[in-house]
K.L.:
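Structure in C-alpha cells, see below.
Sequential numbering from 1 along the given sequence is applied to the chain's residues. All heavy atoms count here, side chains included; hydrogens, waters and symmetry mates do not.
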Amino acid sequence: RNLSVPVSCKIRLLKTTEDTIDFVKALQQAGANAITIHAREVGDESTTRAKWDRVEPIVSAITVPTIVNGDMYSRKDIDEFKEMAGADSVMLARPALYNTSIFQKQSDALTKHEVIQEYLRESLRWQTNYANVKYVVCEMMNNRRAPHEFLHRLPQKYPGRQTIKSVCACGKIEDLCKLWDVNVSVSETIAATHSVAPIERVYDDRYFTAPNELKDELHRKNAGSSATVAAEDSHDFEGKSQSDISGGDLRKVEIKRQRVD
C-alpha cells in the first residue's frame, strides 16, 4: 500500500480452498493490484494436472484482477479455463514454449517446425548465445514436464525428422540452422560467431538425452561434497568445547555450506 508502483502476486493453491481464499484476501488487503493463481498445489510437479475446478471460488472471493495459470496448451484451453474460473486474464509458461504461436488466433497458428525456424532466425538477428539457443530448441521438442494425459495432444514430429539427439549433436549455430533448413547469410554467421553473451551458459546435453544418468551423477557429487563439508566442520571445532565455539566459527561453516549448495 505504501508503494507508488503496482504490485502483483503469483501463488499456488494451498491444501484447502478455504485456506487459499484466506490467503488471497490477505494479499488483496495488503494492497496487491492483481493476483495470479497457479492451479497446482504447493509441491505438485508439472506432470500433475492443474486443478482447474478449484479456482473459481478463489477468484470470486476477491475484487482485484485475477490471472489463471496451468495447462493451457491451446486457445480452446485458454478460453475454457478463463471462463470456468471467471478470471480476467491468463498466464502461460511451458505451453508457450511448446508452441509460441498459441498467442495468435487459432487459424493463424504455426506448426512446431515453423516456430523453431522463426526462433532460429530471431536468434541470429539478436546474436543470442548459441548454447542458450540449443537449450531452448531442446525444450521446445521435449514433453517430459507435461501431464501424461496431454501427451497425445502434443506431437513432436517434424518434416526433417529432427530429434533432440540430432539437435544436441550440433556444434554451432550454422549446424543448427542447417538441421532446420534455415538459410544463414554470411553477415549473420560472422555476427553469431563473434557474439559474446554477458553470462556464458554451459549446458550438459544429457539433461535431455540421458536425464537419469545426469541426475545420478549430480547426486553422487553433491553427496561427496556434503561429506567433505561435514568432515571440515568437525575439523573446525576440533579441540573446542561447546562453550568455546563462537558465532564466527558457526558463520564460517555456514558460508562453506552455502558454497557447496
Side-chain angles (χ1 to χ4, degrees), residues 5-10 34 36 38 46 67-75 77-78 89-146 150 153-211 214:
V5 294
V7 175
S8 63
C9 303
K10 182 173 185 287
T36 299
H38 184 171
S46 59
I67 304 160
V68 288
N69 173 233
D71 291 346
M72 290 170 278
Y73 284 91
S74 69
R75 291 300 294 253
D77 291 339
I78 290 173
S89 190
V90 300
M91 177 183 289
L92 305 179
R94 284 175 293 105
L97 190 58
Y98 174 76
N99 190 334
T100 52
S101 70
I102 192 173
F103 295 107
Q104 302 185 111
K105 293 180 179 179
Q106 197 63 27
S107 59
D108 297 330
L110 302 175
T111 65
K112 282 291 295 292
H113 186 261
E114 291 172 310
V115 168
I116 292 175
Q117 286 180 318
E118 185 62 24
Y119 172 67
L120 290 174
R121 294 188 190 99
E122 290 299 310
S123 298
L124 286 168
R125 176 187 175 196
W126 295 105
Q127 301 180 26
T128 309
N129 177 272
Y130 166 66
N132 291 359
V133 175
K134 186 167 79 168
Y135 175 88
V136 171
V137 172
C138 286
E139 280 288 5
M140 288 180 175
M141 300 174 70
N142 197 314
N143 289 340
R144 72 182 189 283
R145 292 192 289 174
F150 287 171
R153 297 172 47 193
L154 307 173
Q156 295 286 4
K157 296 181 180 179
Y158 304 95
R161 297 188 177 183
Q162 295 89 344
T163 63
I164 288 177
K165 186 175 181 179
S166 64
V167 169
C168 288
C170 295
K172 52 186 183 296
I173 193 71
E174 297 95 323
D175 296 338
L176 205 51
C177 289
K178 182 178 181 181
L179 178 66
W180 290 94
D181 196 26
V182 174
N183 293 326
V184 183
S185 68
V186 174
S187 59
E188 287 173 328
T189 302
I190 293 173
T193 303
H194 289 86
S195 64
V196 178
I199 301 176
E200 187 74 15
R201 301 294 186 184
V202 178
Y203 301 108
D204 192 320
D205 289 341
R206 289 178 299 166
Y207 180 73
F208 296 103
T209 59
L214 180 60

K.L.:
Counting C-beta onward and ignoring hydrogens, is there a side-chain heavy-atom pair between Phe208 and Met141 closer than 4.5 Å?
P.N.:
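They are not in contact (no side-chain heavy atoms under 4.5 Å apart), so the answer is no.
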
K.L.:
Does Asn99 have any side-chain hydrogen bond (donor to acceptor under 3.5 Å, both in side chains) partners at least two apart in sequence or in another chain, and if so, which?
P.N.:
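side-chain hydrogen bond (donor to acceptor under 3.5 Å, both in side chains) check on Asn99 returns Ser101.
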
K.L.:
Arg153 and Tyr98: which non-hydrogen atoms are nearest, and at how many Å?
P.N.:
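Here Arg153 and Tyr98 meet closest at O-OH, 4.3 Å.
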
K.L.:
Where do Tyr73 and Ala146 come nearest, in terms of heavy atoms and distance?
P.N.:
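Smallest interatomic distance, heavy atoms only, reads OH-CB, 3.5 Å.
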
K.L.:
Under the side-chain contact (heavy atoms from CB on, under 4.5 Å) rule, what do Ile164 and Gln156 come out as? Steps first, then yes or no, please.
P.N.:
CA-CA 10 Å; Ile164 288 177; Gln156 295 286 4; over 6 Å; no

K.L.:
What is the distance from atom CG of Asp181 to atom CD of Gln162, rounded to the nearest 0.5 Å?
P.N.:
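Answer rounded to 0.5 Å: 8.5 Å.
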
K.L.:
Check side-chain hydrogen bond (donor to acceptor under 3.5 Å, both in side chains) between Ser46 and all other residues, then give those that pass, not counting sequence neighbours.
P.N.:
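Checked Ser46 against side-chain hydrogen bond (donor to acceptor under 3.5 Å, both in side chains); zero matches.
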
K.L.:
Within the 4.5 Å heavy-atom criterion, are Thr209 and Leu214 side-chain neighbours or not?
P.N.:
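SC-SC contact between Thr209 and Leu214 ruled out.
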
K.L.:
What pairs with Ser89 under side-chain hydrogen bond (donor to acceptor under 3.5 Å, both in side chains), at least two apart in sequence or on another chain?
P.N.:
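Residues passing side-chain hydrogen bond (donor to acceptor under 3.5 Å, both in side chains) with Ser89: none at all.
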
K.L.:
Could you walk me through whether Lys134 and Tyr203 satisfy the side-chain contact (heavy atoms from CB on, under 4.5 Å) test, starting with their C-alpha distance in whole Å, then the side-chain angles of each, then the deciding distance to 0.1 Å, before giving a yes or no?
P.N.:
CA-CA 9 Å; Lys134 186 167 79 168; Tyr203 301 108; over 6 Å; no

K.L.:
Looking only at heavy atoms, what is the nearest atom pair of Met91 and Ile67, with distance?
P.N.:
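Looking at all heavy atoms of both residues, the closest pair is N-CG2, 3.6 Å.
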
K.L.:
With a 4.5 Å limit on heavy-atom distance, are the side chains of Arg94 and Leu154 in contact?
P.N.:
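Not in contact.
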
K.L.:
Any non-hydrogen side-chain atom of Ile78 less than 4.5 Å from a side-chain atom of Ile102?
P.N.:
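Touching, per the 4.5 Å side-chain cut-off.
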
K.L.:
Can you see which heavy atom on Thr111 is nearest to which on Glu114, and at what distance?
P.N.:
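In this case the closest contact between Thr111 and Glu114 is N-OE1, 2.9 Å.
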
K.L.:
Just to verify, what does Ala96 make a side-chain contact (heavy atoms from CB on, under 4.5 Å) with, not counting sequence neighbours?
P.N.:
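Scan of Ala96 (side-chain contact (heavy atoms from CB on, under 4.5 Å), adjacent residues dropped) gives Leu92, Phe103.
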
K.L.:
Kindly indicate whether the side chain of Asn143, heavy atoms from C-beta on, has any atom under 4.5 Å from the side chain of Phe150.
P.N.:
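With C-beta onward as the side chain, the pair stays apart.
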
K.L.:
Among residues at least two apart in sequence or on other chains, which ones pass side-chain contact (heavy atoms from CB on, under 4.5 Å) with Lys172?
P.N.:
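So Lys172 forms a side-chain contact (heavy atoms from CB on, under 4.5 Å) with Glu174, Asp175.
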
K.L.:
Please report the interatomic distance SG(Cys170) to NZ(Lys165), rounded to the nearest 0.5 Å.
P.N.:
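If we round to the nearest 0.5 Å, Cys170:SG and Lys165:NZ are 13.0 Å apart.
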
K.L.:
Which residue, Thr100, Val133, Leu124, forms the side chain to side chain contact (heavy atoms under 4.5 Å, CB included) with Tyr119?
P.N.:
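The single option meeting the side chain to side chain contact (heavy atoms under 4.5 Å, CB included) with Tyr119 is Val133.
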
K.L.:
Do Val184 and Leu120 touch side chain to side chain, with heavy atoms closer than 4.5 Å?
P.N.:
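Sidechains of Leu120 and Val184: no contact.
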
K.L.:
Checking Trp180 against Val167 for the side-chain contact (heavy atoms from CB on, under 4.5 Å) test, could you report, in this order, the C-alpha distance in whole Å, the side-chain angles of both residues, the deciding distance, and whether it holds?
P.N.:
CA-CA 9 Å; Trp180 290 94; Val167 169; 3.8 Å; yes

K.L.:
For Glu139, check side-chain hydrogen bond (donor to acceptor under 3.5 Å, both in side chains) against everything at least two apart and list the hits.
P.N.:
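Tyr135, Arg145.
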
K.L.:
Is there a donor-acceptor pair under 3.5 Å between the side chain of Lys10 and the backbone N or O of His38?
P.N.:
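Not at all, since once roles are kept as given, no pair shorter than 3.5 Å links the two residues.
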
K.L.:
How many angstroms lie between atom OG of Ser123 and atom CD1 of Ile173, to the nearest 0.5 angstrom?
P.N.:
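Ser123 OG to Ile173 CD1: 6.0 Å, rounded to 0.5 Å.
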
